[in-house]
Trainee: 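Right, I'll just put the structure down here and ask away after.
Below, each value reflects all heavy atoms present in this structure, side chains not excepted, and no hydrogens, waters or symmetry copies. What you see is a predicted model, and the numbers here were worked out from it, not measured in a lab. So that the names make sense, note that chain A is the first sequence line, chain B the second, and so on, each numbered from 1.
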Amino acid sequence: MTDELLVVRAQLGERAALAELVARWRLPVWTYVRRMLDAERADDVTQEIWLAVIRGLPRLREPGRFAPWLFTIARRSVTDRLRGQYAREHEAVHEALAAGDMTVDDPVDAAVDRAELVSLLSGLPMPEREILVLFYLQDLSVEDCAQICEIPTGTVKSRLNRARRLLRAHLEEKGYRP
Amino acid sequence: MTEEPRLSAREMIERLEPALSRARRVRAVVSLLSGLSGTAFMIALWTGEPGPLPSRTQVVFALLIVACLAWAGYGGWLLMRRVPLFATDRVIAAWIALAASLATTAALATMAVRRGTGLAPVLGVGGLFVAAALVLTVLTHTRRAALLRRARELRRTHPASRTHTSGN
């Protein structure tokens, strides 16, 4: 069954279709979130995302474009979580500095490093990692990635190029040669 | 990567259950409609009083209107922020709204006739409620029909999906 038919049936109010939609997209959504956050928060955020999806589903006007819409919601939830975390870390760094008991660590680097599961991906900055996950792992088009990340398609392409370059550099550092 | 989400699909659906609860949806619709009907009723009673009311009675009327508005606000908030109404739910909700509008208008009109107070404002306001409910009913039916049509088209294009058909 196509995603579009499942979405249409879910919009009509069929619980079975909704359950099938969740079952079908549960893993891709969780994988995306997990690439961006640690395991504990990935589960929480995934639940938040599905809640937002269920609440927003009746208003989805283009059921055929479910995947980009779903990942737009996922991205927003991840961004919200990271924003909160950056703010807390920033505050903690300032407090610690004021107390004079630590050296300066970049909170962005700290957040990036938190995704430990895929060592290569975790070495990439968040924007490049996100684009790689959406484009290669979720198999979304450049246009869909642009819509999800709210950036022009040209920026998606340049981020993909940069991500590939960075990945190549990381691989070469680890001793891989093309 | 061998890591997997801790929640299975079934567990995830169970966790989403509160947002999908039928009782909660009914509560939201009933709160909104009874709040609105109650507000209209209390305003009609208050303004239909023939003589000047003691200030204490006026305070009671005002408090009752605030209570009705609070219920309407609660129902509206549930529907906007907490409980999704799918196409079929919306059709049912629109019919309930139409029935509630007609009943409230009829009750207020009867009261106005018995008291000999102005019938025209009651019919005017009641007519607005009924018209809004009618528009909602037509819109929700149209939306549901469009979804059903699209589902049929998609089933024709992908016949294998017929086996998955199930009710709510």
Trainee: Is Leu20(B) in contact with chain A via its backbone, its side chain, both, or neither, using a 4.5 Å heavy-atom distance?
Mentor: both
Trainee: Below 4.5 Å from any heavy atom of chain B, which atoms of Arg55(A) appear? Answer side chain, backbone, both or neither.
Mentor: both
Trainee: Heavy-atom distance under 4.5 Å to chain B: side chain of Ala23(A), backbone, both or neither?
Mentor: both
Trainee: If we define contacts as heavy-atom pairs under 4.5 Å, which of Arg24(A), Arg59(A), Arg61(A) has the most with chain B?
Mentor: Arg61(A)
Trainee: Report whether Ile49(A) and Val83(B) are members of the same hydrophobic cluster (ILVMFWY, side-chain heavy atoms less than 4.5 Å apart, transitive linking).
Mentor: no
Trainee: For each of Pro5(B), Ala9(B), Pro84(B), Ala87(B), tally heavy-atom pairs with chain A at distances under 4.5 Å, and name the one with the top tally.
Mentor: Pro5(B)
Trainee: Taking C-beta and beyond as the side chain, do Leu85(B) and Pro58(A) meet within less than 4.5 Å on heavy atoms?
Mentor: no
Trainee: Between Val7(A), Thr46(A), Ile54(A), Val22(A), which residue shows the highest count of heavy-atom pairs closer than 4.5 Å to chain B?
Mentor: Ile54(A)
Trainee: Using a heavy-atom distance cut-off of less than 4.5 Å, which residues of residues 136-150 of chain B contact chain A?
Mentor: Arg143(B), Arg144(B), Leu147(B), Leu148(B), Arg150(B)
Trainee: Evaluate Phe86(B) against Leu57(A) for side chain to side chain contact (heavy atoms under 4.5 Å, CB included), listing each step before the verdict.
Mentor: CA-CA 8 Å; Phe86(B) 294 101; Leu57(A) 198 61; 4.2 Å; yes
Trainee: Could you grab the distance from atom OG1 of Thr157(B) to atom CG of Leu5(A), nearest 0.5 Å is fine?
Mentor: 9.0 Å
Trainee: Are the side chains of Arg22(B) and Arg15(A) in touch, meaning some heavy atoms are under 4.5 Å apart?
Mentor: no
Trainee: Identify which part of Leu60(A) has an atom lying under 4.5 Å from any heavy atom of chain B, answering side chain, backbone, both or neither.
Mentor: backbone
Trainee: Could you report the tightest heavy-atom contact between Arg26(A) and Leu7(B), atom names first, then the distance?
Mentor: NH1-O, 2.5 Å
Trainee: So which part of Ala10(A) gets closer than 4.5 Å to some heavy atom of chain B, the side chain, the backbone, both or neither?
Mentor: backbone
Trainee: Checking heavy atoms, do the side chain of Glu17(B), its backbone, both or neither come under 4.5 Å from chain A?
Mentor: side chain
